[in-house]
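Computation of the quantities below employed the complete heavy-atom set of this structure, encompassing side-chain atoms and omitting hydrogens, waters and symmetry-equivalent molecules.
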Amino acid sequence: MQESRLFRIVYYLLDKGQATAPELAEKFEVSVRTIYRDIDALSGAGIPIYTEAGRNGGIHLLNDFVLDQAVLSVEEKQEILTALQSMNTAQNSNDSPTLQKLSAIFQLHSENWLEVDFSRWGNKSFDNEKFELLKSAVIHCRTVKIQYAGAYEDIRERIVQPVKLVYKAKAWYLKAFCTEKQDWRIFKLNRILELEVLNEQFQHRDFPEPADTARDEGTQIVLRFPRELSYRVFDEFDQTQVQRQENGDLIVSAEMPEDGWLTGFLLSFGTQVDILSPAYLKAVIAEQAKLIYEKNKP
């Protein structure tokens, strides 16, 4: 137990820079006296840790201290190399000095078994550049001007304060504060047509995550698909939402947001989807399909 706490104290100081003994005692749920004994044990083990008295004093590590590589297991070292390797594609780099240095320090060869590419097919350069610019803006708290294709609007310019990049449901999103709306928004990266990182900086704030109940609100939709559409069904839905019938048909039951996106999503299946419930949704889709026909009929 003490050994685990000693490592956690070192990790905490590496992250925070310094801490007081009462702060560490509260963090690790021990007495201040125990913390001072831990500091003595760390110092005796060769860790360059010291205390400094005074108003701005506290417990510190030497500025150039790094944990010895022996602290990490072989699996943990490999995980670090894999994470760095997977980021190379996004940075348009096939040769990472950081990866090479860590491979040498860890005395491990990084097998090229994983490839992560943030770009769409045929659009590698711009998508990866966009990702890198936004990543830098998030890290350095820089305001970004974007041209964004919204769901219900024409393409518009937005000034945003980006706080996080998120990958969800096969797409990348940017969580940011929109200065025009004076509210938090989520922007799909594929819809960001142009962007410019501005010199203006902002104070970082965490994106307000909604409660689970609010996040999951939607309408229960039940759909039937023919078995030949299995490839598309399992692309779009989790297998726990799918029931296979004796004749091979697939019944999908899922909670989905009832909005313009849902209409377009269902229309994308053409005649290969049968809406079982809610019944009124059939009329909505039929009316939209009629409008499409009227607009495009020869």
Side-chain angles (χ1 to χ4, degrees), residues 1-88 90-91 96-111 113-114 116 135-142 161-168 175 177 201-212 215:
M1 181 66 180
Q2 182 193 21
E3 181 178 313
S4 172
R5 187 175 64 250
L6 294 180
F7 281 124
R8 287 186 288 144
I9 289 174
V10 173
Y11 294 145
Y12 187 82
L13 292 175
L14 283 170
D15 180 47
K16 302 296 183 180
Q18 72 170 43
T20 64
E23 178 185 346
L24 292 174
E26 181 179 359
K27 171 72 177 176
F28 299 107
E29 300 179 345
V30 294
S31 68
V32 172
R33 179 176 295 181
T34 298
I35 289 296
Y36 280 122
R37 284 201 296 264
D38 289 344
I39 300 306
D40 289 339
L42 287 169
S43 180
I47 303 295
I49 190 170
Y50 65 97
T51 59
E52 185 177 6
R55 182 177 180 181
N56 297 319
I59 301 169
H60 306 257
L61 292 167
L62 287 182
N63 290 336
D64 59 352
F65 171 73
V66 294
L67 280 175
D68 188 275
Q69 54 122 340
V71 172
L72 300 172
S73 68
V74 173
E75 291 77 13
E76 290 169 331
K77 295 173 188 176
Q78 191 62 62
E79 286 178 7
I80 292 172
L81 295 180
T82 297
L84 287 173
Q85 182 188 76
S86 66
M87 291 299 293
N88 283 348
Q91 297 171 348
S96 168
T98 305
L99 185 60
Q100 291 178 354
K101 289 177 182 178
L102 284 179
S103 294
I105 292 172
F106 293 162
Q107 297 181 344
L108 286 175
H109 176 64
S110 179
E111 297 292 343
W113 66 273
L114 176 67
V116 177
K135 181 184 76 173
S136 177
V138 169
I139 293 172
H140 300 292
C141 296
R142 296 276 294 275
Q161 299 172 350
V163 297
K164 185 178 290 187
L165 286 162
V166 178
Y167 184 80
K168 185 174 179 64
K175 292 185 174 182
F177 185 82
Q201 290 189 294
F202 60 91
Q203 186 69 35
H204 175 80
R205 293 172 290 170
D206 290 331
F207 188 90
E209 300 292 348
D212 289 341
R215 186 186 303 122

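- For E26, the CD atom counts as loosely surrounded, since its 6.0 Å shell holds 12 or fewer non-hydrogen atoms of other residues, nucleotides or ligands.
- In the displayed structure, E29 atom CD is contacted under 6.0 Å by at most 12 heavy atoms of other residues, nucleotides or ligands.
- Closest of all the heavy-atom pairs between P162 and F202 is O-CZ, 3.2 Å.
- Between V163 and R205, every side-chain heavy-atom pair lies at or beyond the 4.5 Å cut-off.
- Across all their heavy atoms, H140 and Q201 have their closest contact at O-NE2, 3.0 Å.
- Distance check, rounded to the nearest 0.5 Å: OH of Y50 to CD of Q18 gives 8.5 Å.
- With contacts defined as side-chain heavy-atom distances shorter than 4.5 Å, the pair I59/I35 qualifies.
- Distance check: H60 NE2 to K16 NZ gives 15.0 Å after rounding to the nearest 0.5 Å.
- For the pair R8 and F28, the cation-pi criterion (under 6.0 Å, within 45° of the ring axis) is not fulfilled.
- Pairing each heavy atom of K175 with each of V166, the nearest pair is CE-CG2, 3.7 Å.
- Minimum heavy-atom separation, I49 to S43: CG2-N, 3.9 Å.
- Nearest approach of L24 to Y12, heavy atoms of both residues: CD2-CD2, 3.5 Å.
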